[in-house]
Amino acid sequence: MVICLIALPVFLILGIFSVKYRLLAKEAFRCFFKTVTLKPCDTGLDQKIKSEITARLMWWPPLASIFYNRFNVISWVFAILIITSTFFVGQGAYNYAVYGNCNGENSNQFCIFNVVRAEQPEKEACSKIENEHELHPEKIKIDGYPVRGDPDAKLTMVEYGCFGCPYTKKAEPVVRGLLKEFAGDVNLVYYNVPLSIHKYSIEASKAASCAREHNKYWEYHDILLENQDELSDGSFARFAQEIGLDEKEFSECFNSSKYDNYINESYNGALAVGIYGTPTFFINNVSLVGPQDYRTLKKMIKDELEK
Amino acid sequence: MNVEKIRKDFPALDAGKQLIYFDNACTTLRPVQVMQKMNEYYKEYPSCAGRSNHRLSMKVNEEVMKARKNIANFFNAKDDSEVIFTRNTTESINLIANAFKLKREDIVLGSDKEHNSNLLPWLLAERRIGITRKIFKFNDIEDFKNKIKGVKLVSIVHTSNVDGTSNDVKEMIKISHENGAVVLLDAAQSAPHKELNVRKLDADFLACSGHKMLGPSGIGVLYGKKELLEQLTPFMMGGDTVNNTTYDGFEIKALPERFEAGLQNYSGIIGFGEAVNYLKKVGLDNIESHEKELNKRITGGLVEINANIIGPKDANLRSGIASFNIGNINPHDISLMLNAKNIMLRSGMYCVHSWFNANKINGSVRASLYLYNTKEEVEIFMKHIKDIAKLVR
Ligand SMILES: Cc1ncc(COP(=O)(O)O)c(C=O)c1O
């Protein structure tokens, strides 16, 4: 009877792997259905489970006896445990979906979903840099790099990205979402690393620097990533126009070599930090390579803010 | 009787499997000899008997004849043609219920402990033809004598599959004949376990199943005295039951073919012949005493734990069957627990619901033994039974 309530989910899960359990799950379902419609369970499944377990407990007869004779009570206890634990799992899943943490909105306690996610991403990064996979956050130099968000924010997230890198593009919505959510508390420094594997990445860096002269760095940054697939010789001037830059001024800047050094130095600076793929994120001394899950980053930011 | 040697013939008992099989009243395990003989048909002469005249067909004819002879000899029948192949005991009894000339108000007598196979055909005949059924108390000769007057057919179980006890059929047949009644024996549980001599018993009809005596499933036998078989009206007819037909008539074949309609289970028949050979070689007397010996041990253990044994406490009266309950533990629970220990036996009412219902017993556990079971198996079984007995509050 009640045991079917326990057996059903167990056999359903085991049933994924074996037909034998699928049949048992079916039986459990029938039994469960009968029980809820207040008819006796006629499949004998409860009896099978009870006897099988009793037989396994025979090595200690008093235990077997308690189990056998108190089977109904015991199965009720388990059923209640299952129902409550199902409830808590549901609650955790809800929290995770809504707050990005299964323990609730303002919790820093361990959440299994987050940990699992945080460990996997490295494959998703653009890389052609022959660095050791070892990062040196202490060597980060970001003075003078563009800041997005409140310049006086408590926490700075550093992103090493490349305008031509699809993973940098992929990470963008998460980054922007977080900046919005933590507006005032967190800002972002974008450190551009033009990777040679992406065509136009150097041109894009140049163009963005030219836009920065007119306080339009972020607009240009955004339009570059948005149109990453369409970069071409003609696109940079067009983007400049679209965000309202003076066409002539922009072209002069873009065609000059005034940022060549800056771009080179930036690149070397990134190498010194050990960057081996973009995007790479730093939140204080914690680094993450590749686009990140919103909740993972959120949790890390929260942790750092609360330190 | 060398049990260890016998066990080697049964692949199901391979040491690695550690199987304890105590469900022999339901069906028995089969020795390799039987399986090989069955396969021989499919490998070497897989064809029709009694119809075609080619070499393979002749070979089937010959093998079927041999099997029929083996079985006729096994029961000491006067003539091979007195052995009719059916699917099982159930079909044999149904054959009689349909072919024996019964009319309205003819009385059929049975015991109160009949298998459904020997109850339902008569219940149906009661509804179909309006026969009258009478019931006597199992193995109660006085009651039997009281009920025999005017009875046309006595259809009784020889050994009960509930508790292993037997009707005193020799005496009952004698009384029946004195009163002009014909007797059909349900020998499903006796033929496998003791010497049966239809001529000594003077049985008129006898039914049994191959699968309960080391033979294949799907093959059984109806033995009948020739003169009685000839009076039956075949109720199933078709291929190989006639010599000739016209659009309006037929010329029926001699015994036994007239009762074996359609292409037969040759492999089963041949395998059954081999099984009977095997039993004969071991010796039915040896088998009977071996089972009793083991049953005595089981019974001793059951008495020790205060189990409720169904039937007499004396194991000698219960052949190889020990049917029991332990306290108020549900019998199915017991068989399931034993199953978890790799011991196979049966629980429930064994198709004899009528008797259990009448006696208000809610089923039992049944250990039923055979020639390949051992003292060691019995010991393991009893150890687990004793553990289970500790569950009783
Ligand atoms: C006494 C008795 N009669 C008849 C039968 C029916 O045998 P079958 O199912 O082989 O026809 C059995 C089988 O359990 C039996 O024990």
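Model, not experiment: these values are computed from the prediction.
- Heavy-atom contacts from other residues, nucleotides or ligands closer than 6.0 Å to CZ of B:Arg133 number more than 12.
- Using a 4.5 Å cut-off between heavy atoms, A:Lys50 contacts chain B through its side chain alone, with no backbone atom that close.
- Between the A:Asn69 side chain and the B:Leu391 main chain, a donor and an acceptor come within less than 3.5 Å of each other.
- Contact annotation: the side chain of A:Gln47 approaches that of B:Asp333 to within less than 4.5 Å [non-hydrogen atoms, C-beta and beyond].
- Atom CZ of A:Arg56 has 12 or fewer heavy atoms from other residues, nucleotides or ligands within 6.0 Å.
- In this structure, A:Lys20 places its NZ atom where only 12 or fewer heavy-atom neighbours from other residues, nucleotides or ligands lie under 6.0 Å away.
- Here B:Asn339 contributes atom CG and A:Ser51 contributes atom OG; the two are 9.5 Å apart, rounded to the nearest 0.5 Å.
- Within the 4.5 angstrom heavy-atom criterion, no atom of B:Ile334 approaches chain A.
- For B:Glu126, the CD atom sits in a packed shell: over 12 heavy atoms of surrounding residues, nucleotides or ligands are nearer than 6.0 Å.
- Using a 4.5 Å cut-off between heavy atoms, B:Lys341 contacts chain A through its side chain alone, with no backbone atom that close.
- No more than 12 heavy atoms of other residues, nucleotides or ligands lie within 6.0 Å of CG in B:Asn362, so this atom counts as exposed by the packing criterion.
- Neither the backbone nor the side chain of B:Leu338 comes within contact range of chain A, judged by heavy atoms closer than 4.5 Å.
- Residue B:Phe356 places its CZ atom among more than 12 non-hydrogen atoms of other residues, nucleotides or ligands, all under 6.0 Å distant.
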